[in-house]
Amino acid sequence: MRITKEEVRHVAHLARLNFSEGEEEKFTSQLNSILMYMDILNGVDTAGIQPMTHAISLGNVFRDDTEKESLGAEIALEGAPDGKMGFFGVPKIIE
Amino acid sequence: MEFNQLTIHELQKKLKDGSLTSVEITESVYRRIASVEEKVHSYITMMEETAIGQARAADRRIKEGNAGELTGIPIAIKDILCTEGVRTTCGSRTLEDFIPPYDATVVRKLKDVGAVFVGKTNMDEFAMGSSTETSRFGITKNPWDLERIPGGSSGGSAAAVAADECIASLGTDTGGSIRQPAALCGVVGMKPTYGRVSRFGMVAFASSLDQIGPITKDVEDCAIMMNVISGHDTSDSTSVPKEVPDYRAYISRDIEGCTIGIPKEYFVEGVDPEIRASIDTTIKTLEGLGARCLDISLPHTEYCIATYYIIAPSEASSNLARYDGVRYGFRAPNEENLLDMYRKTRSSGFGAEVKRRIMIGTYSLSSGYYDAYYKKASQVRALIRDDFDSAFTKCDVILTPATPTPAFKIGEKMDDPLQMYLCDIFTLSANLAGVPGISVPCGYTKGGLPMGVQFMANHFEEGKLLQIASAYEKNSKIERRMPEL
């Protein structure tokens, strides 16, 4: 076992996902077989190898700090499930 | 022959000499869609009304004598690319009603040259899949056999080109999502070098691997599309400020003296015997044209899948954190509080495969496992890139099968995620190393299913790929077939 049902529950919490009891079972077993397959990487000697994070090394990309036209609040809010009075609405967070 | 069956370069000539209008081409495309779309289901959203308007504008532009390379050509757009005012779903319930307020850079570029947009094509949800079966909007069928998958994730874009429901299309490729469906549908597909094409306005999946590219009926069309979409963009800081050559100039050049590396690790058990035989014939054809084929080794090939399926889900888990039901996209009703709203929204907005990858990624990045998974995979990724660097000191291009098997049956791999992941075995190394790759048809199985050969080259050597691919295409003596629909 690489990952237990309790760990699946913990990772789901980190990822802000809910699973039913049945889904938890299924995900635990599928994640276990996937993670077991990943063990193949333990056979590679990576001592002293610099991790690669990008395919092309560009370094920092700078631009002039000039003002540009932006979308504007009205358009930015058009797709919001609960956009009102120029704000993104969310459930109450302060009692 | 109907207009919709022609290539971009064939249509360009007819548009230029005035024997055909863009409106006529566009109408022939929609007639085809009306007769086959019900069977194939390449599209999520049709854009017929605006397309006819674009075609009329293109015809005016051609008359005025200022046509660009794709003026008046009907193109299909993968539904992962933002189109201003047109729903962009990414194959997901999460973005079911999302209408982007701006165009992706590639979409803007196509608009600028006067292309006609046919519609938005079907795809695996958030591009996570190899069969287009994880789409929220139904399954796309392979035009060559409607009981089989078209490949994925750009399955709709590949099927639309194969079924002549458009002239060419745009796809995206994170681990093979252009090249694999192109191979399985018998068309040409290219993943450019990472940074060659702007990703601005592409819904992000794995940002260090994603790249937009063309799916076309032949290699020359691929070069034409590359001419239009390539280049630096200030809105995507990972796009590379490097001059774009005229890719069309590489078409029909001879390949005398080109060196082609054949990596032994790609010719192992599990490759379909008919694919293997067609690759052997391909090698002989290329040698007959004066290319020199040599055996090479990419020693870390066996680690590619494990590396990819840690890195891609890790980046995805971070990219998809933005879907919280607040700023745009789906929000689940009946929440108890903010946290509950996030959870309900994400749990019902995402499908099973997307959740599986978010879980793998979150786990790989979580405290206590980061070193064992994400960091380890990033180190192995460096070794995989080094394999390619060293191979390209010996050869101009690398030749491999594009896929281990022809298109499989719908439903065959849906219950076994690991088997599905193995479909990408020959394509995902190019994404890890950032190098360009192209898939070109190399024959049909006895059962009539298309097979593809893949060529890969060093960073920014798309020209070499087009040169070899077009020489092969012109000399392979593979008849051009049309699927019976």
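Just so it is clear: chains get the letters A, B, ... in the order the sequence lines come, proteins before strands, and each one is counted from 1.
- Comparing G79(A), P91(A), G43(A) by how many heavy-atom pairs each has under 4.5 Å with chain B, the most go to P91(A).
- Annotation: cation-pi pair K355(B)/F27(A) absent, no NZ/CZ under 6.0 Å from the ring centroid and within 45° of its normal.
- In this structure the side chain of F19(A) reaches within 4.5 angstrom of the side chain of L17(A), judged on heavy atoms.
- Using a 4.5 Å cut-off between heavy atoms, L41(A) touches chain B through backbone and side chain atoms alike.
- In this model, a donor atom of one side chain and an acceptor atom of the other lie less than 3.5 Å apart for S208(B) and R381(B).
- Both the backbone and the side chain of A377(B) come within contact range of chain A, with heavy atoms under 4.5 Å apart.
- Contacts of L365(B) with chain A are absent, with no heavy-atom separation under 4.5 Å from either backbone or side chain.
- For L320(B), no part lies near chain A; criterion is any non-hydrogen pair under 4.5 Å.
- Neither the backbone nor the side chain of E78(A) comes within contact range of chain B; no heavy atom of the residue lies under 4.5 Å from a heavy atom of that chain.
- Heavy-atom distances place the backbone of S33(A), and not its side chain, under 4.5 Å from chain B.
- For L31(A), the part lying under 4.5 angstrom from a heavy atom of chain B is the side chain only.
- Ion pair K5(A)/E21(A) flagged as a salt bridge, since at least one NZ, NE, NH1 or NH2 atom sits closer than 4.0 Å to an Asp/Glu carboxylate oxygen.
- For a residue to count as touching a neighbouring chain, one of its non-hydrogen atoms must lie under 4.5 Å from one of that chain's; by this rule T234(B) does not touch chain A.
- The part of M341(B) that comes within reach of chain A is its side chain, from C-beta onward, which places non-hydrogen atoms under 4.5 angstrom from that chain.
- There is a side-chain donor-acceptor pair under 3.5 Å between E125(B) and S92(B).
- Between D233(B) and R199(B), none of the side-chain N atoms (NZ, or NE/NH1/NH2) sits under 4.0 Å from a carboxylate O, so this pair counts as no salt bridge.
- Using a 4.5 Å cut-off between heavy atoms, I310(B) contacts chain A through both its backbone and its side chain.
- In summary, the side chains of E7(A) and Y369(B) do present a donor paired with an acceptor at a separation below 3.5 Å, with no hydrogens or angles considered.
- Shown here for I212(B) and S198(B), the closest heavy-atom pair between the two residues is CD1-O, 3.3 Å.
- The parts of P101(B) that come within reach of chain A are both its backbone and its side chain, each placing non-hydrogen atoms under 4.5 angstrom from that chain.
- Contacts between F460(B) and chain A at a heavy-atom distance below 4.5 Å involve the side chain alone, from C-beta outward.
- Looking at E302(B), the atoms closer than 4.5 Å to chain A (heavy atoms on both sides) sit in the backbone and in the side chain alike.
- Heavy atoms of I40(A) lying under 4.5 Å from chain B belong to its backbone as well as its side chain.
- Paired with Y323(B) under the rule ring pair (Phe, Tyr, Trp, His ring centres under 6.0 Å), one option of F330(B), F98(B), F126(B) passes, and it is F126(B).
- Both the backbone and the side chain of Y309(B) come within contact range of chain A, with heavy atoms under 4.5 Å apart.
- For a residue to count as touching a neighbouring chain, one of its non-hydrogen atoms must lie under 4.5 Å from one of that chain's; by this rule D45(A) touches chain B with the backbone only.
- Looking at T362(B), the atoms closer than 4.5 Å to chain A (heavy atoms on both sides) sit in the backbone and in the side chain alike.
- Under the 3.5 Å distance criterion, with hydrogens and angles disregarded, no donor-acceptor pair is assigned to the side chains of R196(B) and H459(B).
- Both the backbone and the side chain of V11(A) have a heavy atom closer than 4.5 Å to some heavy atom of chain B.
- Residue S239(B) touches chain A through its backbone alone, counting heavy-atom pairs closer than 4.5 Å.
- Both the backbone and the side chain of T238(B) come within contact range of chain A, each with at least one heavy atom under 4.5 Å from a heavy atom of that chain.
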